[in-house]
Peer 1: 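One structure follows; several queries about it will come next.
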Amino acid sequence: MAEQPFSMHTRKFEGGMVLELNGDLTKSAEAKLISVLEQETELGLGVRFLALDLTKVEYINSGGMAVLIRLARMGSKAGVHTFSWGVTPHYEKLFRMVGLTEYMMIYPNEFAVMQRIEALNL
Amino acid sequence: MEMTTRQKKPPVYYNGMLLNRLLAVFLITMLAGVLIVRAEALLDAYFNKMFPFPVVILGLGALFLGLLLLCISVIRLQPVFSILQAQFRPAGGQSQESQTNRALLRLYRLPYELFAGMCLFGLLLSVLFHGMDIAAYIMQEQTDGLRLLGTVVGEQGLFIFMAIILFTSVRRTLRPVLMRLQPLPSGFDGRASVAQPLVITYTSTFIVTILSLLQLAIVTASPHEPTDPYKFGIMAMFYFIMGLSLFSYVTMQFREELRRLIRGIRGLVGGYDLPRNEAAAILHDEAGELAVAFNELQNRINREYESLERELKLAYNVQQKLLPPGDLTIGSYRITARCQPYREVGGDFFDVVSLGPSRFAIMIGDVSGKGLPAALLMSAQLLVFRSEIRRSGSPSEVLARMNRQLCEAMGDDGSVTIGVGVIDLTNNHVQYASAGHLSPYVVSKEGQYKAVDCSSLPIGIDPDAEYEELSLQLEDGDRFLLYTDGLIEAINQQGTMYSFEGLEAELATWKPAMDLAVVIDDWLARVDQECGPGQDDRTVVVLELAGEYRSLLAKLNLSQVEQGSVSGHFDNPFLSREWSLRSHLGSERLIAMKLGDWMEERWPECDIREDVQSAICEAMINAIEHGNGLQPNKYVTLIAQIGGMLAVCRVYDEGGGYFPRLNRDEEEMRKKLESEDPRGWGLVMIDSLADYWTTGRDERGFYTELYFMRKPRNAPGEHSI
């Protein structure tokens, strides 16, 4: 399988934002991902939850892992909770391995993430 | 907009400025004439005969004359004004060039025209004033002929003097305009010669002085006049000194231009930082011609110099490419080598050659002499060494063979000092032989050092020379130092040589905990700072036995058969596969997928495909990024072998290598996780996903080797993290 270019689509929900990630998650995705979070937190638009949809991400390497760690850590510093769904068991294993799960909760699907966010919102 | 106007002065402004200056020159010259007349009149009543008018009339006459000269100048300089205006319009090609020529001609001629006009005007004025007297004298009437002659002579002296002032100052005023109109088209007339102004000022000064003296002689000869000859003498002296000053001024101007050229030529001889376009500010006289010739010479030398510099740079690049990387890792050894050529190319060299799975050789050499010949010999010797060391034999035999070849090729014309060490990775045993090279040092991790004395003649002197060889046993943490004499002979600002004492004092400060490359770079930087670039190349090669690392396949608890078969399988095309890729991030994924497909085919019951793929991707990313520095012309090669129970994958790169150091303790992992720029997860992933991994080097280059065990799905204890 050839290299899939990274792309991203964002959508908002009350108190948060969903980032639908597409393609290969490598170091080259860093600028895009980080700038979205920086924009949101700097504007103070009250983003408290960041949900990453990784369903369409087939490949994550150490560079991509580092980007996710940076994103989740930046979020947690700014008081933003990070969630994700659509992570394959292999990558879930890798996320645990590098300690990413300390900053990013992994759920099986969007519904579960939203349930959790609702519960936190209450 | 206003800024542009200010920067590029409009022609009207420029022309007006020129005319103002000319008017000032004319008026000052005329005023000087009036003053001289008045001063002479005050000095002696005799001079009253010259222009016997009140000061006001004289002043008005001077003003009129000044304005008249300005009008003449405006008419004569018309082509100059139009060409100056044209400079602010788009270029006009051929016609503009002829116009420039015409304008330049007018500019050059104007001072001469004014000079001649002034002299003629003086003559005419004298004739007009004294016409009656001259007529009476001719008619034999009662007129004092001598006195009349004296007055006319005095008047002419004054006008010629004013003409010189005009000539010199107008030339000076027009000079910037002349420069502005450069470059001059070829074939300009001789008026630009520096000889003409010199001759004119000199001759005029001479004539003025003679006229003054003639006047003095006439007055003295006149029997009725009670005059003071000293006063006439003072006047003559005044004219002489003033004339001489103007003459000196013209001469000095010429001298200044010559000096500028001489400075340029000196700079050219010096060879560096050549001044460019110096001639642009020089007029079209002989100095200008010389400047143009000089400029051409300078450009030619610059071109030659630049091409030589380019070639040397190329030679330097070739030389650097011949040398191995400065930081290398081989088994449990780390090698740091630095070669600083004194000029672009040098005669120092070093090499590290892998001699199979358990041996490698290091070498340092120094060719006698410097510059290109030394560099050529160095390149040849490096290649000879590579082929000879692979032909087997001990270091002393290699040196003997190299010596014979060099003696045959060069006779007595080149000698090279070389130190060669062959290291056995299995027992850390070093065989070392030296051909006239400085004694190496062994520095233990406790900080003790000792010189290894072993030397024979340099190669290239005696074809039958034999080379002494000795054996050393390196211990964990030992550093084996090879260096060249450029370091020992470095001289600091106080004039003290670095010497062996300096080297030993440095070795005593080495701490085993400090990274070897940092230690060496810091050391050489300090030597550079203290001693400057010096007069010779400086090369240092340090071999460090980093004791913490051992390649232990035994860790895997493999059977002897599996262990032994690993290296054999790599050569078996049915059991191993190979892929190469350019160093471009992203291309590693496709190769990893292919490996994954093959693994699924060979071990269908295993579910480690994704782990293998991720780990191999990380190894390849490391090779692309760190090994090959993302240079697309360098290749990463993956050789994989999937056996019955074990899969071994080697990822080769063309870089210097690294130690497989990875600290997995909790604190270190937390630090990594919490750093602002979390990196270095590749090795963590490799370490977690592969059952075992190591690094090494062989003839193909540096490799990272990953081992994967065949395990059934959901095997217990899989990847305990």
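For the numbers below, each heavy atom of this structure counts, side chains included, while hydrogens, waters and symmetry mates do not.
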Peer 1: Is the number of heavy atoms from other residues, nucleotides or ligands within 6.0 Å of CD (Glu14(A)) greater than 12?
Peer 2: no
Peer 1: Roughly how far, to the nearest 0.5 Å, is CG of Asn61(A) from CZ of Arg589(B)?
Peer 2: 9.5 Å
Peer 1: Find out whether Met65(A) and Glu618(B) are in side-chain contact, i.e. whether some heavy atom of one side chain is under 4.5 Å from a heavy atom of the other.
Peer 2: no
Peer 1: With rounding to the nearest 0.5 Å, note down the distance linking CG in Leu94(A) to OG in Ser688(B).
Peer 2: 8.0 Å
Peer 1: Which atoms of Gln613(B) are under 4.5 Å from chain A, going by heavy atoms: the side chain, the backbone, both sets, or neither?
Peer 2: neither
Peer 1: Taking the side chain as every heavy atom from C-beta outward, state whether Leu689(B) and Lys93(A) have any atom pair closer than 4.5 Å.
Peer 2: yes
Peer 1: Does some side-chain heavy atom of Lys27(A) sit less than 4.5 Å from a side-chain heavy atom of Ile621(B)?
Peer 2: no
Peer 1: Which heavy atom of Ser62(A) sits nearest to which heavy atom of Gly682(B), and what is that distance?
Peer 2: CB-N, 3.5 Å
Peer 1: Suppose we screen for salt bridge (charged side-chain N to carboxylate O under 4.0 Å, His left out). Which residues come up paired with Asp53(A), at least two apart in sequence or across chains?
Peer 2: none
Peer 1: Could you give the distance from CH2 (Trp681(B)) to CG (Leu68(A)), rounded to the nearest 0.5 Å?
Peer 2: 12.0 Å
Peer 1: If you look only at pairs with a residue in residues 56-81 of chain A, which of them pass as a ring pair (Phe, Tyr, Trp, His ring centres under 6.0 Å), with sequence neighbours excluded?
Peer 2: Phe49(A)-His81(A)
